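No experiment lies behind these values; they were computed from the predicted model shown.
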Amino acid sequence: MKTIKTTTIILGIILITIISFIGIYTQKANQMKDNVKEYTYAMDLKGERNIKLSASTETKEIIKDSEGNIVEEATEEEIEQKGYKKEQIAKNGQDILTPENYKKSKEIIEKRLKKLGVENYIVSVNEENGEILVKIPEDNRTDTIISNLNTTGKLEIIDTETKEVLINNEDIKTSSVMYNNTQNGTAVYLEIAFNKEGKQKLEEISKTYVKVENTNNTEDNSIAENTTEESAENTTGDPNAENQTNEASKEEVKKQITMKIDDTEIMTTSFDKPITTGKIQLSVGTIATDNKKLQEYISQASEISTILYSGNLPIKYDISKNEYILSSIEKKDITKIIISVTIVAVIGIIALILKYKANGLLVGISYVGLVAIYMLLIRYANIAISIESIFGIISILVLNYIFIQILLSNIEKVKEEKVENKVNKAISKTYSKFFIRIIPICIMTVVFCFIKWIPISSFGMIAFWGLLLIAIYNLAITRTLLKIQLEEK
């Protein structure tokens, strides 16, 4: 039983190590794809995209009279006769180019980046001219993310005829992407949920803008009847003729609404019944029959959802700069660091084996398992790896080595004592001695986690999860291996 238990744990560690450092590969579209999540890298390692957004310089034409008053409408003939003048002014308008709107635009762009899953970004605004500088890591989604930054995101539901705005962005609570599997494929929907006021407006609109059956007036009916009689005389016993003519006397009149996003018409429709849920669903694309189309529709719906969720920009922005900044750290430099750390770790484990024999071997195997789980944890916790966080990883590996060395030393000491549960006693001494000494490090780590500067916060998160793993993993795995080795007969 002793051998079986030890072997089972060691095989589990080997399996986790393979998954962490090699991956799990499956064949997809004639290619082998690793199903283990990739690492997230900070801008100082992966390179960054620098984007400058400038307040739009688009202009519009206005007409002024001799006293400088704006004339709403005038023909060319009136302009010439009355001496009006045409001028070009900024389409944005000076009244909206304010520091408050610049700050609001920055906040909206930050919300969009978070909604799009960008963990590592820097956004700054010049409150004098409204320029917004955005820095994000370079990856295969960068161009898509950039295309969503300067989209105004203005939603309007208007009366198709009168153009009256019935609902706008202020009435939106949330937006999300949904899909429904059918026999023919998968349908993708964009669901918009409205707040309390928006819900009331939507319910009222859905009662007003409905399909109405309109029956012609008496005079029209008389004409229709005469037409029916004449048609009946001219038909040669067609049984559908009378029905077709009677149906012609009625028609469906639709009182419709039009939905616009950034002044682009998305759809024009009317309602079959009142909507009391405060939610509407918009179909995106057609029924998707393959994964490529499905992902395309989901991506489109997600982009619209992000824009609607974050709110509309009070100012229209243009992308005035879009450049890629290459990282100063090359892959070969990272590889050298990894190789150096691996060599030092192997030498350290060999030293433990030479000094503590079987116990050193078991603890060394356990150490490798902790490293494997740690690297998986960094991936799935979405911690951006920066130069600073690499030193955080190395620090955790060093601290864990110190921990297991103290543990092995305590085990050697308790071997001479005539007590039961020697491993538990050694573990207890080790935890007390180790974690009391690193209390300042633990406090510093927690503080770093809440600092908004990415290099420091990533170091803090790396160290926090590492310290937590040292405490839990060694209690569960290292202790169990040593207990099986020393106490089971």
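If you take CD1 on Ile9 and CD1 on Ile4, they are separated by 12.5 Å, rounding to the nearest 0.5 Å. Remark: Lys201 NZ to Glu170 CD distance equals 7.5 Å, nearest 0.5 Å. The structure places OG of Ser105 at 9.5 Å from CG of Asn312, a figure rounded to the nearest 0.5 Å. Atom-to-atom distance recorded for Ile136:CD1 and Ile145:CD1 is 5.0 Å, nearest 0.5 angstrom. One distance of note links CG of Leu53 with CD1 of Ile51; it measures 7.5 Å at 0.5 Å rounding. Taken to the nearest 0.5 Å, the CG atom of Leu294 stands 8.5 Å off from the CG atom of Asn181.
The backbone N or O of Ile338 lies less than 3.5 Å from a partner atom in the side chain of Thr342, making a donor-acceptor pair. Looking at Ser320, its side chain does come within 3.5 Å of a backbone N or O of Lys52 through a donor-acceptor pair. Remark: the backbone N or O of Ile462 is paired with a side-chain donor or acceptor of Tyr374 at under 3.5 angstrom. When atom types are taken as modelled, the side chain of Asn150 and the backbone of Tyr317 share a donor-acceptor pair closer than 3.5 angstrom. Under a 3.5 Å cut-off, the side chain of Tyr367 and the backbone N or O of Ile404 do not form any donor-acceptor pair. Judged purely by atom type and a 3.5 angstrom limit, Tyr401 uses its side chain to pair as donor or acceptor with the backbone of Gly348. Looking only at distances, a side-chain donor or acceptor of Thr142 sits under 3.5 Å from a matching main-chain atom of Asp139. Formation of a donor-acceptor pair under 3.5 Å by the Lys2 side chain with backbone atoms of Gln485 is found in this model. Side-chain N or O atoms of Arg379 include one that pairs as donor or acceptor with a backbone N or O of Ser20 at under 3.5 Å. Judged purely by atom type and a 3.5 angstrom limit, Ser206 uses its side chain to pair as donor or acceptor with the backbone of Ile275.
Using a 3.5 Å distance cut-off with no hydrogens or angles, the side chains of Ser176 and Ser305 do not pair a donor with an acceptor. Checked by atom type, the side-chain pair Thr151/Asn148 shows no donor-acceptor distance below 3.5 Å. Thr160 and Thr268 form no side-chain donor-acceptor contact under 3.5 Å, judged by distance and modelled atom types alone. For the 3.5 Å distance criterion, the side chains of Asn474 and Asn400 qualify, holding a donor opposite an acceptor. A donor and an acceptor atom, one from each side chain of Asn410 and Thr430, are located under 3.5 Å apart. Between the side chains of Asp44 and Ser386, not a single donor N or O lies within less than 3.5 Å of an accepting N or O. Residues Ser54 and Asp318 have side chains that never bring a donor and an acceptor to within less than 3.5 angstrom of each other.
Residues Ile257 and Ile158 are not in side-chain contact: their nearest non-hydrogen atoms beyond the backbone lie 4.5 Å or more apart. Proximity of Asp171 to Lys199: side-chain heavy atoms (C-beta onward) are nowhere separated by under 4.5 Å. You'll find the side chain of Ser299 reaches within 4.5 Å of the side chain of Glu303, heavy atoms only. At a threshold of 4.5 Å between non-hydrogen side-chain atoms, the residues Lys111 and Glu107 do not count as touching. Residues Ile378 and Ile393 form a side-chain contact, since some pair of their non-hydrogen atoms from C-beta on lies under 4.5 Å apart. You'll find the side chain of Ile349 stays beyond 4.5 Å of the side chain of Leu361, heavy atoms only. Between Leu362 and Ile484 there is no side-chain heavy-atom pair separated by less than 4.5 Å. Residues Leu11 and Leu15 have side chains not in contact (no heavy-atom distance under 4.5 Å, counting atoms from C-beta outward).
When every heavy atom of Pro314 is checked against every heavy atom of Ile108, the shortest pair comes out as CD-CD1, 4.1 Å. Between Ile287 and Ala187, the closest heavy-atom pair is CD1-CB, 3.6 Å. The shortest heavy-atom contact between Leu407 and Ile427 is CD1-CD1, 3.7 Å. Here the closest heavy-atom approach between residue Thr478 and residue Ser366 is recorded as OG1-OG, 2.6 Å. Contact between Val36 and Gly23 at its shortest, heavy atoms only, is CG2-CA, 4.0 Å. Of all heavy-atom pairs spanning Asn195 and Gly198, the tightest one is OD1-N, 2.7 Å.
Ionic pairing of Lys106 and Glu110 is present here: one or more N-O contacts between side-chain nitrogen and carboxylate oxygen are shorter than 4.0 angstrom. Taking 4.0 Å as the cut-off between side-chain N and carboxylate O, Asp143 and Arg49 count as a salt-bridged pair. Contact check on Lys321 versus Glu323 returns a salt bridge, with a Lys/Arg side-chain nitrogen under 4.0 Å from an Asp/Glu carboxylate oxygen.
For CZ of Phe450, the number of neighbouring non-hydrogen atoms (other residues, nucleotides, ligands) closer than 6.0 Å is 12 at most. No more than 12 heavy atoms of other residues, nucleotides or ligands shown are found within 6.0 angstrom of CZ on Phe391. Remark: Glu197 CD is loosely packed, at most 12 non-hydrogen atoms of other residues, nucleotides or ligands lying under 6.0 Å away. For Lys135, the NZ atom counts as loosely surrounded, since its 6.0 Å shell holds 12 or fewer non-hydrogen atoms of other residues, nucleotides or ligands. For Tyr473, the OH atom sits in a packed shell: over 12 heavy atoms of surrounding residues, nucleotides or ligands are nearer than 6.0 Å.
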Steps toward side chain to side chain contact (heavy atoms under 4.5 Å, CB included) verdict (Glu127, Lys103): CA-CA 7 Å; Glu127 294 184 15; Lys103 288 180 184 178; 3.0 Å; yes
Evaluation steps, side-chain hydrogen bond (donor to acceptor under 3.5 Å, both in side chains), between Asn382 and Lys37: CA-CA 9 Å; Asn382 290 322; Lys37 189 180 183 299; 2.8 Å; yes
Derivation of the side chain to side chain contact (heavy atoms under 4.5 Å, CB included) call for Ile315 and Tyr102: CA-CA 8 Å; Ile315 301 169; Tyr102 296 152; 3.5 Å; yes
Steps toward side chain to side chain contact (heavy atoms under 4.5 Å, CB included) verdict (Lys425, Lys422): CA-CA 5 Å; Lys425 186 174 181 181; Lys422 294 179 180 179; 5.7 Å; no
Full working for side chain to side chain contact (heavy atoms under 4.5 Å, CB included) between Ile132 and Val134: CA-CA 7 Å; Ile132 296 177; Val134 181; 4.0 Å; yes
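For an aromatic pair to be called close, the ring centres must be under 6.0 Å apart, and Phe403 with Tyr431 satisfies this.
Considering Val371, Ile402, Ile470 as possible partners of Leu397, the one that fulfils the side chain to side chain contact (heavy atoms under 4.5 Å, CB included) test is Val371. Of the candidates Thr445, Ile383, Ile456, Ile383 is the only one forming a side chain to side chain contact (heavy atoms under 4.5 Å, CB included) with Met461.
Judged by the 6.0 Å distance and 45° axis criteria, Lys279 is not positioned over the aromatic ring of Phe194.
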